[in-house]
2 protein chains.
Amino acid sequence: MPDQEPEMEIVHLLRAVTVELGAHSARFAQRNGMHPTDVRALIALMDAARAGEAVTAGHLGAALGLNSAGTTALVDRLERAGHVRRVRDERDRRRVTVEVDERAVALGRSHFGPLIGRAVELLRGYDERELAAIRGFLTGVREAAGDDGREPDHNDRG
Amino acid sequence: MPDQEPEMEIVHLLRAVTVELGAHSARFAQRNGMHPTDVRALIALMDAARAGEAVTAGHLGAALGLNSAGTTALVDRLERAGHVRRVRDERDRRRVTVEVDERAVALGRSHFGPLIGRAVELLRGYDERELAAIRGFLTGVREAAGDDGREPDHNDRG
DNA sequence: ACAAGTATCTCGTTCACCGAGACAATACCG
DNA sequence: CGGTATTGTCTCGGTGAACGAGATACTTGT
């Protein structure tokens, strides 16, 4: 067990954080009669809304790795629960854009708000250099997790 | 949109990291014909193995939030794929302990190894104070995500 | 107007997970 | 020791998310 390196403590800690955050989302899902996928969908939709982008059914499905049938079922479910609305795009009437309902946003805020607030509070306790370290580490890990299967296999992509 | 606070950048970054890490695990799962739950199970088993603890079928199911039927199905699947072995506990023969196969560990290492290696490499670039900041932030978030349903919703967990 | 292309939805199937309960082994109690 | 309660796992039947294939609706190019 080559776990001597002190850096491993933080690596395990990061993994523990992702597990806890996953469990936190799962609880939100279960409390509101949703599935993990539905929560992921709402988050993706809110991210897009924040960026000012409209999301079509197809985009949403692609972002979540679902096929068209699964995407339709997902949007049906969310719409039935009143979390999103289907809006036919008037420019291209084949398209259906999916918009989050305000109440779903509020619901999400009421669940994730305290956690986010706590995180912001924690971050306020650090100076610029410390913040840069946190930012740098997270950015590096995100990139490393994204470059995946680039090295391990011989597969040359793109 | 109260997103002015600069701390929010890091909060979104952390969320992006968890998304990427989730996608990374999902890719591992898919490449090896497994489901997300199977990967979570293997990780839980390896964590327990590292801590020197034996894991029974029941423990595993509880850790993953599955009922007994689902747990049996999970262990069946993992055993069929050769990732784990069922071992009857000789002390208490009602119990079935689940042991990870060495090849599953090796498989996991080959997938997650590069990512872990990159994280360790990143961490080596920081001094003690920066490491303490990273550790402190992650620990705080983990705890905040764990204290959940204590304040936020009206719903008192059962 | 017609063919080709694109976006979504419908249909039938598969499989993870659930609830209920069966079965096996142990612990408690006289 | 025998009997009953308890505990841990597995079996059975059912529900629903997601899949593959193909139908349907709209747009674009000629």
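We name chains A, B, ... by the order of the sequence lines, and we start the count at 1 in each one.
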Q: Quick one: A/Met34 CE to D/dG16 C1', roughly how many Å, whole number?
A: 16 Å
Q: A/Arg95 CZ to D/dC26 P: how many Å, rounded?
A: 15 Å
Q: Counting only side-chain nitrogens and oxygens, does B/Arg94 get under 4.0 Å of the OP1 or OP2 atom of C/dC23?
A: no
Q: On the nucleotide C/dC15, are OP1 or OP2 found under 4.0 Å from the side-chain N or O atoms that B/Arg80 carries?
A: no
Q: For A/Ser68 and A/Ala73, take the nucleotide of DNA chain D holding the closest heavy atom to each; which residue's nucleotide lies nearer the 5' end?
A: A/Ala73
Q: Compare side-chain N and O positions of A/Thr56 against OP1 and OP2 of C/dA7 and report whether any pair is under 4.0 Å apart.
A: no
Q: Check the distance between D/dT9's P and B/Leu66's CG and give it to me in whole angstrom.
A: 13 Å
Q: One thing to verify: whether B/Arg91 and B/Asp89 come together as a salt bridge, which I'm taking to mean a side-chain N less than 4.0 angstrom from a carboxylate O.
A: no
Q: Mind calculating the distance between CZ (A/Arg93) and C1' (C/dA7) to the nearest angstrom?
A: 13 Å
Q: Tell me: CZ of B/Arg77 to P of C/dT14, nearest whole Å?
A: 17 Å
Q: Please determine whether a side-chain nitrogen of the Lys or Arg among B/Arg129 and B/Asp127 lies less than 4.0 Å from a carboxylate oxygen of the Asp or Glu.
A: no
Q: Let's go through B/His59 and B/Arg95 carefully: what are the C-alpha distance in whole Å and the side-chain angles of both, what is the deciding distance for side-chain contact (heavy atoms from CB on, under 4.5 Å) to 0.1 Å, and is it a yes or a no?
A: CA-CA 10 Å; B/His59 282 148; B/Arg95 291 184 162 175; 5.6 Å; no
Q: Any side-chain N or O of B/Thr37 below 4.0 angstrom from OP1/OP2 of C/dC17?
A: yes
Q: Under 4.0 Å, heavy atoms only, any strand: does A/Gly61 hit a base, just the sugar-phosphate, or nothing?
A: nothing
Q: Quick one: do B/Arg118 and A/Asp147 make a salt bridge, cutoff under 4.0 Å?
A: no
Q: How long is the line joining CG of A/Leu60 and P of C/dC9, in whole Å?
A: 11 Å
Q: Among C/dC17, C/dA16, D/dC19, which nucleotide has an atom closest to any side-chain atom of B/His35?
A: C/dA16
Q: Please determine whether a side-chain nitrogen of the Lys or Arg among B/Arg135 and B/Glu128 lies less than 4.0 Å from a carboxylate oxygen of the Asp or Glu.
A: yes
Q: What is the distance from CG of B/Asp89 to C1' of C/dT26, rounded to the nearest Å?
A: 12 Å
Q: Return whichever of A/Glu90 or B/Thr72 has its heavy-atom-nearest nucleotide of DNA chain D closer to the 5' end.
A: B/Thr72
Q: D/dT11 P sits how many Å from B/Leu74 CG, rounded?
A: 14 Å
Q: For D/dA18, does either OP1 or OP2 sit under 4.0 Å from a side-chain N or O belonging to A/Asn67?
A: no
